[in-house]
**Student:** 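Provided herewith is a single structure, encoded as structure tokens, for subsequent inquiry.
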Amino acid sequence: MSRPAGRPSADGGFVKEIPPKDAEFSDWYTAVVLKAELADYAPVRGCIVVRPYGYTIWELMQQGLDRRFKATGHTNAYFPLFIPQGFFAREAEHVEGFAPEIAWVTRGGGAELTEPLGVRPTSETIVGHMYARWIRSYRDLPVLINLWNNVVRWEKATRPFLRTMEFLWQEGHTAHRTEEEAEAEARQMLDVYRDFAERDLAIPVLAGRKPESEKFPGAAHSYTIEALMPDGQALQSGTSHNLGQNFARAFGIKFLDSDNAEKYAYTTSWGVSWRLLGGLIMVHGDDRGLALPPRVAPFQVVIVPILSGKERDAVLEEARALARRLAAAGVRARLDDRTEVTPGYKFNDWEMRGVPLRVELGPRDLARRQAVLVPRAGAKDTAALERIEAAVSEALEAYGTQLFHRAKRYLDEHIVPASTMAELVEAIAGRRGFVRVRWCGAATCEAALRQASGASPRVIVDEAADGACLACGAPGTQVVYYARAY
RNA sequence: CGGGGCGUAGCGCAGCCUGGUAGCGCGUCUGCUUUGGGAGCAGAAGGCCCCCGGUUCGAGUCCGGGCGCCCCGACCA
């Protein structure tokens with residue numbers, strides 16, 4: 001962590017105290033989180049305090065997701081933080097998967113509890129318990145509920161946003177009449193996640209199914225969106241699970257169908273967390289700091305007035321009018337009228353915080369009835385004050401598109417095909433990103449590929465295998481992308 | 001969880017080896033001058049040297065134990 005104070009970053013920029021992204025990626029990430037005031041370390045191991053600027057980003061992410069959840073028929077509800085110990089044991093795979101990570105409350109009110117309470121690592125069990133009470137008839141289905149909450153998992157190694165002991169997320173829980181309906185739900189929500197990641201966060205992803213070894217404990221099967229980070233590692237960014245009848249059987253979620261037969265429901269669950277915010281930082285940030293796509297930027301535009309000479313009051317007045325006009329046009333604009341720092345300082349400061357667009361307004365602009373528009377890390381342009389709303393909205397749109405395309409190009413360039421086990425091993429060792437692997441579907445072959453490469457199978461995509469399994473030489477049946485993962 | 005590194009002013013660090021008055025840069029505060037890519041001058045404030053214990057006349061410094069953070073690896077929803 002130690003480095004010379006004030007060393008200029010690699011691009012010759014002025015942002016101090018942020019290590020170069022390429023050379024010291026981990027330190028760079030931590031520095032951006034702290035310097036941009038997204039979060040700070042809490043006095044509890046593995047926990048963070050999310051500061052207002054970071055929390056605003058999370059709120060904007062919530063809005064983008066929540067809107068999509070509502071549009072697909074879901075409603076929000078709240079379930080308890082504490083889960084009775086016995087609930088975890090009902091589903092065998094589930095308890096095995098989560099047991100090591102559960103925090104237990106054993107005392108309360110000054111006395112030992114008769115039954116310890118687990119702090120939820122996820123809510124499938126307690127949701128299952130309640131769904132069993134609520135569901136009687138096929139007419140009660142489907143149940144489409146989403147929860148915005150916090151969960152706790154006792155992690156050994158933590159990093160801000162990417163893996164914390166307590167984190168914020170959403171978990172959707174649905175119950176359905178048929179297997180087909182549950183499957184459609186799980187796939188639909190995966191697509192919602194993909195759409196959100198790509199449109200709102202400008203993060204391109206690989207979407208598909210999880211191999212058996214990587215699926216959620218207790219799921220029939222899991223789907224995932226996987227994003228690629230600049231260090232060549234994959235970030236599991238969202239998951240959607242078809243839980244089959246596993247939890248329905250464990251918790252007795254039964255209903256009378258129209259054929260008068262009692263049946264178990266089919267359930268799903270799906271979630272994304274503030275880990276997405278970590279991915280956002282890594283994918284778009286640079287040596288100058290954070291870079292935010294417009295849809296989740298707390299301030300989409302910062303207005304910097306150049307307050308010099310006699311025009312001072314006129315400039316400030318026009319800048320205020322500008323801020324009002326942009327706000328009226330639905331743009332999140334912030335006027336930086338601080339007098340204690342220079343414009344140059346503000347430029348660097350807001351770039352470090354990732355604001356997509358800067359609008360400069362000085363005496364010269366005022367005389368010409370124009371403003372200077374500068375996309376973060378982009379070239380200066382001017383726009384007439386008369387059409388500033390349109391110019392700003394176009395610039396924001398262009399900036400967001402540019403972020404996505406840059407990230408997409410990076411992803412595309414870092415998907416490498418492997419025809420042999422040796423090529424897989426070499427590509428992973430070189431940290432080149434996702435490696436496209438043909439696989440026969442056998443668990444033994446998967447284990448062999450994992451063992452040889454040190455990477456894990458991140459996602460099985462919907463593509464036909466175009467050759468033999470890399471492990472055994474039998475005809476390939478699936479295409480799997482391997483990568484080292486967060 | 002294993003190996004390594006680091007905890008000293010808000011931030012970045014020196015001081016520790018060889019025990020004896022707590023230092024530097026940036027930032028902060030006050031005043032004046034400034035303001036189109038991190039402004040200048042003058043003055044000032046700011047410290048449980050991570051915590052607990054030990055050695056010593058005396059510990060930021062030496063010894064033991066904890067806690068936290070970072071890096072590499074292992075493990076993992």
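All values derive from a computational prediction rather than experimental measurement.
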**Student:** Is any side-chain N or O of A:Arg163 under 3.5 Å from a base N or O of B:C76, one able to act as donor and the other as acceptor?
**Tutor:** yes
**Student:** Rounded to the nearest angstrom, tell me the gap between atom CG in A:Asp336 and atom P in B:G38.
**Tutor:** 15 Å
**Student:** Identify whether the distance between the nearest side-chain nitrogen and carboxylate oxygen of A:Arg45 and A:Glu155 falls below 4.0 Å.
**Tutor:** no
**Student:** Rounded to whole angstroms, how far apart are CD1 on A:Ile306 and C1' on B:U34?
**Tutor:** 13 Å
**Student:** Base, sugar-phosphate, or nothing for A:Thr239, non-hydrogen atoms under 4.0 angstrom?
**Tutor:** base
**Student:** With a 4.0 Å cut-off on heavy atoms, is A:Val372 in touch with a base, just the backbone sugar-phosphate, or nothing at all?
**Tutor:** base
**Student:** Of A:Gly46 and A:Gly97, whose nearest nucleotide on RNA chain B comes first from the 5' end?
**Tutor:** A:Gly46
**Student:** Less than 6.0 angstrom from the centroid, inside 45 degrees of the normal: does A:Arg450 satisfy that with respect to the ring of A:Trp439?
**Tutor:** no
**Student:** Between A:Cys47 and A:Met165, what is the shortest heavy-atom contact and its length?
**Tutor:** SG-CB, 4.2 Å
**Student:** Please state the C1' separation for the pair B:G46 and B:C29 - nearest whole angstrom.
**Tutor:** 10 Å
**Student:** Do A:Arg364 side-chain and B:G36 base share a donor-acceptor contact under 3.5 Å?
**Tutor:** yes
**Student:** Could you please name the option among B:A74, B:G37, B:C71 that lies closest to any side-chain atom of A:Ala157?
**Tutor:** B:A74
**Student:** Is there a Watson-Crick or G-U wobble partner for B:A22 with both distances under 3.5 Å, and if so, which one is it?
**Tutor:** none
**Student:** Tell which nucleotide pairs with B:C17, taking only Watson-Crick or G-U wobble pairs whose two distances are both under 3.5 angstrom.
**Tutor:** none
**Student:** With hydrogens left out and only the distance checked, is there a donor-acceptor pair under 3.5 Å joining A:Asp365's side chain and the base of B:G36?
**Tutor:** yes
**Student:** For the side chain of A:Pro363, counting heavy atoms from C-beta on, which of B:G36, B:C1, B:C76 is nearest?
**Tutor:** B:G36
**Student:** Please find the pair of heavy atoms, one from A:Ala42 and one from A:Val49, that lie closest to each other, and give the distance.
**Tutor:** CB-CG2, 4.0 Å
**Student:** Side chain of A:Glu351 only, heavy atoms from C-beta on: which candidate in B:C72, B:C75, B:G37 is closest?
**Tutor:** B:G37
**Student:** If the C1' atom of B:C52 is compared with that of B:A45, how far apart are they to the nearest Å?
**Tutor:** 32 Å
**Student:** Return the pairing partner of B:G58 with a 3.5 Å limit on both distances, Watson-Crick or G-U wobble; otherwise return none.
**Tutor:** none
**Student:** Using the P atom as the point on both nucleotides, what is the distance between B:G47 and B:C6, in whole Å?
**Tutor:** 27 Å
**Student:** Nearest to the A:Arg312 side chain among B:U35, B:C75, B:G37, which nucleotide is it?
**Tutor:** B:U35
**Student:** A:Thr339 or A:Lys380: which one's nearest nucleotide on RNA chain B is closer to the 5' end?
**Tutor:** A:Thr339
**Student:** Expressed in whole Å, how much space separates the P atoms belonging to B:C50 and B:A14?
**Tutor:** 13 Å
**Student:** Can you tell which of B:U35, B:C69, B:G73 lies closest to the side chain of A:Arg45?
**Tutor:** B:C69
**Student:** Distances under 3.5 Å between protein N/O atoms and the N/O atoms of nucleotides 39-48 of chain B, please, pair by pair.
**Tutor:**
from  : atom 1 : to       : atom 2 : distance (Å)
B:A39 : OP1    : A:Thr342 : OG1    : 3.3
B:A39 : OP2    : A:Thr342 : OG1    : 2.5

**Student:** Of the options B:G37, B:G36, B:C69, whose atoms approach the side-chain atoms of A:Arg358 most closely?
**Tutor:** B:G37
**Student:** To the nearest Å, how far apart are A:Phe25 CZ and B:C72 P?
**Tutor:** 11 Å
**Student:** Identify which one of A:His173, A:Glu124, A:His241 satisfies the side-chain hydrogen bond (donor to acceptor under 3.5 Å, both in side chains) criterion when paired with A:Ser269.
**Tutor:** A:Glu124
**Student:** Using a heavy-atom cut-off of under 4.0 Å over every strand shown, decide if A:Gly218 touches base, sugar-phosphate, or nothing.
**Tutor:** nothing
**Student:** Write down the partner of B:C6 under the Watson-Crick or G-U wobble criteria, each distance required to be under 3.5 Å.
**Tutor:** B:G68
**Student:** Using atom CG of A:Asp27 as one end and atom P of B:C11 as the other, report the distance to the nearest whole Å.
**Tutor:** 16 Å
**Student:** In whole angstrom, give the distance that lies between atom CG of A:Asp40 and atom P of B:C70.
**Tutor:** 12 Å
**Student:** Closer than 4.0 angstrom, basic N to acidic O: yes or no for A:Asp191 and A:Arg194?
**Tutor:** yes
**Student:** Nearest to the side chain of A:Pro160 - B:C71, B:G38, B:C70?
**Tutor:** B:C70
**Student:** For A:Arg484 and B:G73, is the shortest distance between a side-chain N/O and OP1 or OP2 below 4.0 Å?
**Tutor:** yes
**Student:** List the atom of A:Val151, the atom of A:Asn149, and the distance in Å for their closest heavy-atom pair.
**Tutor:** CG1-OD1, 4.0 Å
**Student:** Which nucleotide in the set B:C11, B:G37, B:G36 lies at the smallest distance from any side-chain heavy atom of A:Glu360?
**Tutor:** B:G36
**Student:** To check you understand the geometry: which heavy-atom pair defines the closest contact between A:Lys21 and A:His284, and what is its length?
**Tutor:** NZ-C, 4.4 Å
**Student:** For residues A:Trp104 and A:Phe88, establish whether the separation of their ring centroids is below 6.0 Å.
**Tutor:** yes
**Student:** So which nucleotide does B:G37 pair with, by the Watson-Crick or G-U wobble rule with both distances under 3.5 Å?
**Tutor:** none
**Student:** Only pairs with both distances under 3.5 Å count, Watson-Crick or wobble alike; so what is the partner of B:A44 in this structure?
**Tutor:** B:U28
**Student:** Under 4.0 angstrom, heavy atoms only, what part of the nucleic acid is A:Arg431 near: base, sugar-phosphate, or nothing?
**Tutor:** sugar-phosphate
**Student:** Please state how far atom CD in A:Glu214 lies from atom P in B:C75, giving the value in whole angstrom units.
**Tutor:** 11 Å
**Student:** Can you check the A:Lys346 NZ to B:G37 C1' distance for me, whole Å?
**Tutor:** 13 Å
**Student:** I'd like to check the salt bridge (charged side-chain N to carboxylate O under 4.0 Å, His left out) partners of A:Glu318; sequence neighbours left out, ordered by chain and number.
**Tutor:** A:Arg369
**Student:** Please determine if a side-chain N or O atom of A:Thr30 lies less than 4.0 Å away from the OP1 or OP2 oxygen of B:C70.
**Tutor:** no
**Student:** Pairing check on B:G53: which nucleotide meets the Watson-Crick or G-U wobble criteria with it, both distances under 3.5 Å?
**Tutor:** B:C63
**Student:** If the P atom of B:C70 is compared with that of B:C11, how far apart are they to the nearest Å?
**Tutor:** 15 Å
**Student:** Between B:G20 and B:G73, how many Å separate the two P atoms, rounded to a whole number?
**Tutor:** 41 Å
**Student:** For B:C76, does either OP1 or OP2 sit under 4.0 Å from a side-chain N or O belonging to A:Tyr486?
**Tutor:** no
**Student:** From CD of A:Glu24 over to P of B:G12, roughly how many Å is that when rounded to an integer?
**Tutor:** 14 Å
**Student:** Just by distance, no angles: are the side chains of A:His74 and A:Gln170 close enough, under 3.5 Å, to form a donor-acceptor pair?
**Tutor:** no
**Student:** Measuring only the P atom in each nucleotide, how far is B:G23 from B:U56? A whole number of Å is fine.
**Tutor:** 29 Å
**Student:** Which value, in whole Å, describes the distance between the P atoms of nucleotides B:A42 and B:G25?
**Tutor:** 13 Å
